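Please read all numbers here as calculations on a predicted model, not as lab measurements.
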Amino acid sequence: MKKIVLFVFCWWVAQGGRAQYPPPAGELGSTAIHADSSIFIGWATSCQVLRGYININDTTTTANGSNRASYGTPENALGKADNQVVSLGDKGVAILTFYPFEIFDGPGFDFAIFENGFSNSFLELALVEVSSDGEHFYRFPAHSLTQTITQVGPFDTLDARLINNLAGKYRALYGTPFDLSDLTDMPRDEKQHIKYVRIIDVGGSIDSSFGTKDAFGNLINDPFPTPFASCGFDLDALGIIHGFAFLPEINTSTLFYPNPVTDYIFLKINTEKIELFDLTGRIEIVYSQPPSRIDLSKLLPGTYIMQINDQVSTLLIKK
């Protein structure tokens, strides 16, 4: 036992006496979750973005004719992680929702955020907050043990073992997971009905006038400046681990019939658009000028979400 303790102590000293969090994706003890994992039951279905500057220390700096990040679109953050991203810029903000799902506090991790870091050590970080009503947000207690004496340069590296509860800890296609039980200040009933996740780029500057601090008052040092259109946190996806589908009760017979269905549904109202989703938020069918009879025979059996005008309901397909 003494030899084991000595080994652990020596390893800890070798890491500068600082490393204490899970290692990068692919290493023993990592908490990274690959996008293909069957643990995910759904993905984000909407995203709003407020772009940050490409250089928060000098807001006159421009790239592609703008002083704010401009790479990608909010739609790139929807659905399964695929390395297609929207860049937030320095201290840019994204708010994700995942209707018809609500995330709840289950055993272990409850959701994961994906970034597009191209290696285990080039990492761009963001704070993560959640809300049940879209007004009151609770921030995960982030922790950065990265030194704050020397600025991490635009293409310098970080050690994932010095980072906790910050999105972007892991490389592309590996999600950084979050556990709602870490939010000790959030009421238990609210943790069971999460409808919004807010992601805030940390900026990365160790200038206290512009930098972002973690839950312990440490400045969060990450690659900076990055005066490019693709600067800041690059949001790829949000994967749901613990969630349930929440839908209002609607008399679907006033909209279409039959339900359940095997082959065709017939519309009973005039509408300009119909969308059909599976329970992961993936769009299966879109009609801009829907016919009165819609063929669903090629879809797999299961429960789907039908949106007609502003009304949303469940549709069961049986074979």
Compare all side-chain heavy atoms of Asp105 with those of Gln192 and state whether any distance is below 4.5 angstrom.
yes

Would you say Val202 and Ile56 are hydrophobically clustered, going by side-chain heavy atoms of ILVMFWY under 4.5 Å?
no

Aromatic rings His143 and Phe216: how do their planes relate, parallel, tilted or perpendicular, breaks at 30° and 60°?
tilted

Checking Ser119 side chain against Phe122 main chain: does a donor-acceptor pair fall under 3.5 Å?
yes

Result of checking Ile308, Ile305, Leu299, Ile265 against Leu276 for side chain to side chain contact (heavy atoms under 4.5 Å, CB included):
Leu299

Please say which of Asp234, Val93, Ile199 ends up in a side chain to side chain contact (heavy atoms under 4.5 Å, CB included) with Leu88.
Ile199

If you define the side chain from C-beta out and look only at heavy atoms, does anything of Lys318 sit under 4.5 Å from Pro301?
no

Could you point out which residue of Pro187, Ser131, Ser132 forms a side chain to side chain contact (heavy atoms under 4.5 Å, CB included) with Tyr138?
Pro187

Other residues, nucleotides and ligands only: do more than 12 of their heavy atoms fall within 6.0 Å of CD on Glu27?
yes

For Lys191, is there an ion pair with Asp110 - N to carboxylate O distance below 4.0 angstrom?
no

Quick one: CG on Leu219 to CZ on Phe210, what's the gap to the nearest 0.5 Å?
12.5 Å

Side chain to side chain contact (heavy atoms under 4.5 Å, CB included) evaluation trace for Leu315 with Val261:
CA-CA 8 Å; Leu315 169 66; Val261 61; 3.8 Å; yes

Return the minimal non-hydrogen interatomic distance between Phe228 and Ile54, and the atom names on each side.
O-CG2, 3.4 Å

Minimal heavy-atom distance between Pro22 and Ser30, with the atoms involved, is CB-CA, 4.3 Å

Hydrophobic cluster membership, Leu267 vs Ile317, 4.5 Å side-chain cutoff
yes

Do NZ/NE/NH1/NH2 and the carboxylate oxygens of Lys80 and Asp36 come within less than 4.0 Å?
yes

Taking the side chain as C-beta and beyond, is there a heavy-atom pair between Arg139 and Ile200 under 4.5 Å?
yes

Between CD1 on residue Ile240 and CZ on residue Phe104, distance to nearest 0.5 Å
10.5 Å

Could you walk me through whether Arg198 and Val130 pass the side chain to side chain contact (heavy atoms under 4.5 Å, CB included) test, one step at a time?
CA-CA 6 Å; Arg198 184 160 65 189; Val130 298; over 6 Å; no

Donor-acceptor pair, distance only, cut-off 3.5 Å: does the side chain of Gln151 make one with the backbone of Gly204?
yes

Please determine if Arg161 forms a cation-pi arrangement with Tyr21, meaning its NZ or CZ atom is less than 6.0 Å from the six-membered ring centre and no more than 45° off the ring axis.
no

Do the side chains of Leu296 and Leu300 join up, straight or via other hydrophobic residues, at under 4.5 Å, putting them in one cluster?
yes

Let's go through Tyr196 and His136 carefully: what are the C-alpha distance in whole Å and the side-chain angles of both, what is the deciding distance for ring-ring contact (aromatic ring centres under 6.0 Å, His included) to 0.1 Å, and is it a yes or a no?
CA-CA 10 Å; Tyr196 305 86; His136 304 91; over 10 Å; no

Quick one: which of Asn221, Asn120, Leu166, Val152 gives a side chain to side chain contact (heavy atoms under 4.5 Å, CB included) with Leu158?
Val152

For a 4.5 angstrom cut-off between non-hydrogen side-chain atoms, does Pro141 reach Leu183?
yes

May I have the step-by-step check of side chain to side chain contact (heavy atoms under 4.5 Å, CB included) for Asn57 and Phe224, ending in yes or no?
CA-CA 10 Å; Asn57 283 22; Phe224 183 87; 3.5 Å; yes

Of the non-hydrogen atoms in Asp222 and Leu125, which two are nearest, and what is the gap between them?
OD2-N, 3.0 Å

Taking atom types as modelled and ignoring hydrogens, do the side chains of Tyr53 and Thr61 form a donor-acceptor contact shorter than 3.5 angstrom?
no

Report yes or no: do Asp207 and Ser205 form a side-chain donor-acceptor pair below 3.5 Å?
no

So if you build clusters from Ile, Leu, Val, Met, Phe, Trp, Tyr with side-chain heavy-atom gaps below 4.5 Å, do Ile194 and Phe140 land together?
yes

Within one Ile-Leu-Val-Met-Phe-Trp-Tyr cluster: Phe98 and Ile41, side-chain cutoff 4.5 Å:
yes

Would you say the side-chain atoms of Ser181 and Asp179 include a donor-acceptor pair closer than 3.5 Å?
yes

Do the non-hydrogen side-chain atoms of Val86 and Thr73 ever get within less than 4.5 Å of each other?
no

Got a second to check how far Arg188's CZ is from Glu190's CD, nearest 0.5 Å?
12.0 Å

Beyond-backbone contact of Asn259 with Leu316, side-chain heavy atoms, under 4.5 angstrom:
yes

So, do Asp214 and Asn164 sit near enough that their side-chain heavy atoms are less than 4.5 Å apart?
no

In the hydrophobic clustering (ILVMFWY, side-chain contacts below 4.5 Å, transitive), which residues join Val85, or is it alone?
Tyr71

Closest contact, heavy atoms only, Ala167 versus Val128
CB-CG2, 3.7 Å

Could you measure the distance from the CG atom of Leu255 to the CZ atom of Phe266? Nearest 0.5 Å is fine.
15.5 Å

Plane angle bin for Phe40 and Trp43 - parallel if under 30°, tilted between 30 and 60°, otherwise perpendicular
tilted

Rounded to the nearest 0.5 Å, what separates atom CG in Leu162 from atom NZ in Lys169?
8.0 Å

Search all heavy atoms of Ala69 against all heavy atoms of Ser87 and return the closest pair with its distance.
CB-O, 3.7 Å

Within the 3.5 Å criterion, strictly below it, is a donor on Gln84 or Asp236 matched to an acceptor on the partner's side chain?
no

Hey, what do you get for CZ (Phe256) to NZ (Lys268), rounding to the nearest 0.5 Å?
11.0 Å

Given 3.5 Å as the limit, does a donor-acceptor pair link the side chain of His242 with the main chain of Phe111, or not?
no

Are any of the side-chain heavy atoms of Phe244 and Ile103 separated by less than 4.5 Å?
no

Is there a donor-acceptor pair under 3.5 Å between the side chain of Asn55 and the backbone N or O of Thr59?
no

If you take all heavy atoms of Gly232 and Thr226, which pair is closest and at what distance?
N-OG1, 3.8 Å

Show the numbers, then the answer: is there a side chain to side chain contact (heavy atoms under 4.5 Å, CB included) between Thr212 and Asp201?
CA-CA 9 Å; Thr212 297; Asp201 176 80; over 6 Å; no

